[in-house]
Amino acid sequence: MDNLSNIGTVKELCRKYGFVFSKKLGQNFLINPSVCPRIAEYGNAKPGFGVIEIGAGFGVLTVELAKRADRVVVIEIDDKLLPVLSETLKGYDNIKVIHADVLDVDLPSLIQEEFSGLEVAVCANLPYYITSPILMHLLESRLPVRSITVMVQKEAAQRLCAQMGTRQCGSVTAAVRYYSEPSLLFHVSRGSFLPAPNVDSSVIRLDIRDRAPAKVQDERFLFQVVRAAFSQRRKTLPNPLSGALGLKKEQVSAAMQSCGLMPSMRAEELTLLQFIALSNALYEVRHG
Ligand code: SAM
């Protein structure tokens with residue numbers, strides 16, 4: 001079906017299938033016809049690519065992806081949408097719908113089974129209630145994907161794409177920067193959705209890095225340090241880090257000084273490379 005961004009079509013499908021939007025599942029469907037083609041274009045939906053989509057809704061983005069990419073696998077949690085999708089996606093032989101919670105899906109295996117010989121990209125209008133868990137699931141699985149292009153809440157987009165060393169950044173910013181190079185692509189007003197949410201949105205793209213930006217002794221430890229640092233972002237780093245890592249404040253201060261950092265610094269003042277240097281130094285203190 002082609003006119004899925006038409007509000008009349010969406011309302012007619014709701015009536016026909018007795019479908020009621022679930023706030024809990026973050027169901028705000030796109031009805032602005034210019035948005036999905038742009039997500040697909042920016043999101044590497046093109047020949048030679050397979051695309052994983054998260055959250056089909058009525059399939060408005062799915063069909064735009066399927067028109068451009070070789071194959072689309074869309075993961076949708078809500079079984080009430082399955083009969084609707086059987087109708088709206090009819091005629092596309094390059095789409096597969098998987099009924100599951102994306103957080104439970106073994107994505108590396110899915111990619112191997114479904115996208116042999118293709119490059120892979122992820123595209124989605126994400127359910128906002130689990131934006132960060134989904135992005136972390138995707139990034140930490142180290143998927144062999146070229147890019148992750150997603151619509152998120154505008155404030156989340158600003159945090160995800162923030163520069164390290166600025167007020168807006170948080171632990172998720174560090175993770176995003178570690179695994180990818182993020183860019184904020186365009187804004188989407190709340191009126192572009194049915195039902196309209198209370199917030200505006202933005203589309204961002206994370207271009208996945210081939211390798212880490214610097215040598216890291218222990219990745220899990222790096223993120224333990226980052227999370228601890230941002231858990232008390234107003235405090236100078238020896239306070240949260242000593243508590244979380246079971247070290248003395250003086251040990252943390254000495255490790256900071258050994259990498260050219262002042263012990264009076266706070267989490268939001270460090271670049272990603274400085275976090276990596278600090279976590280390597282702290283790792284040596286603990287294990288050296
Ligand atoms: N792609 C459609 C669009 O743009 O109109 C729907 C987007 S809507 C914001 C989010 C979709 O994600 C809904 O269809 C919802 O049911 C689905 N969803 C919510 N949580 C999910 C999860 N954990 N795993 C998979 N899909 C989920």
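Order of listing sets the numbers, starting from 1, for every ligand and every atom in it. Just so it is clear, the structure is predicted and the values come from calculations on it, not from any experiment.
The shortest N/O to N/O separation between L81 and ligand 1 does not fall below 3.5 Å. The N/O atoms of V60, backbone and side chain alike, include none that comes under 3.5 Å of an N/O atom in ligand 1. Considering backbone and side-chain atoms together, L30 places an N or O closer than 3.5 Å to an N or O of ligand 1. Note: an N/O pair closer than 3.5 Å links Y129 and ligand 1 by distance alone. No N or O atom of D78 sits closer than 3.5 Å to an N or O atom of ligand 1. Polar contact with ligand 1: present for G57 (N/O pair, distance under 3.5 Å).
The main-chain N or O of A121 is never found under 3.5 Å from a side-chain atom of S147 such that the two would form a donor-acceptor pair. Proximity of a side-chain donor or acceptor of R159 to a complementary backbone N or O of Q168 within less than 3.5 Å is not detected. Here the side chain of N44 pairs no donor or acceptor atom with the backbone of V145 at under 3.5 angstrom.
Residue A56 touches ligand 1 through its backbone alone, judged by heavy-atom distances below 4.0 Å.
Screening E87, K80, E12 against Y17 for a side-chain contact (heavy atoms from CB on, under 4.5 Å) leaves a single residue, E87. Test V188, I204, L126, L61 against M151 for side-chain contact (heavy atoms from CB on, under 4.5 Å) and you get one pass: V188.
Residues N239 and Q232 have side chains that never bring a donor and an acceptor to within less than 3.5 angstrom of each other.
For ligand 1 and I130, the ligand atoms under 4.0 Å from any heavy atom of the residue are 23 (N). Every atom of ligand 1 is numbered from 1 in the order shown, and the set under 4.0 Å from a heavy atom of E53 is 1 (N). For ligand 1, the atoms sitting less than 4.0 Å from at least one non-hydrogen atom of D101 are 22 (C), 23 (N), 24 (N), numbered in the order shown with element in parentheses. The F29 neighbourhood of ligand 1 comprises atoms 5 (O), 6 (C), 14 (O), with distances under 4.0 Å to a heavy atom of that residue. Within ligand 1, the atoms closer than 4.0 Å to a non-hydrogen atom of I75 are 25 (C), 26 (N), numbered from 1 in the order shown.
With respect to atom 19 (C) of ligand 1, the closest heavy atom belonging to the protein is L25 O, 3.2 Å. Nearest protein heavy-atom neighbour of atom 4 (O) of ligand 1: N125 ND2, 2.9 Å. Counting protein heavy atoms only, atom 18 (N) of ligand 1 is closest to I77 CG2, 3.6 Å. Ranking protein heavy atoms by distance to atom 24 (N) of ligand 1, first place goes to V102 N, 3.0 Å.
Of the listed options A100, G26, G55, G26 places a heavy atom closest to atom 8 (S) of ligand 1. Nearest-residue assignment for atom 14 (O) of ligand 1 (options Q27, E76, M151; heavy-atom criterion): E76.
Note: Y178 and F223 meet the aromatic proximity criterion, with ring centroids under 6.0 Å apart.
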**Item:** Stepwise salt bridge (Lys or Arg N to Asp or Glu O under 4.0 Å) test for E64 and R68
**Value:** CA-CA 7 Å; E64 294 302 327; R68 294 167 174 82; 2.9 Å; yes

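Other residues, nucleotides and ligands place no more than 12 heavy atoms under 6.0 Å from the NZ atom of K235. The number of heavy atoms from other shown groups lying within 6.0 Å of CD (E284) is above 12.
Judged by a 6.0 Å distance limit and a 45° cone about the ring axis, R38 is positioned over the six-membered ring of F186.
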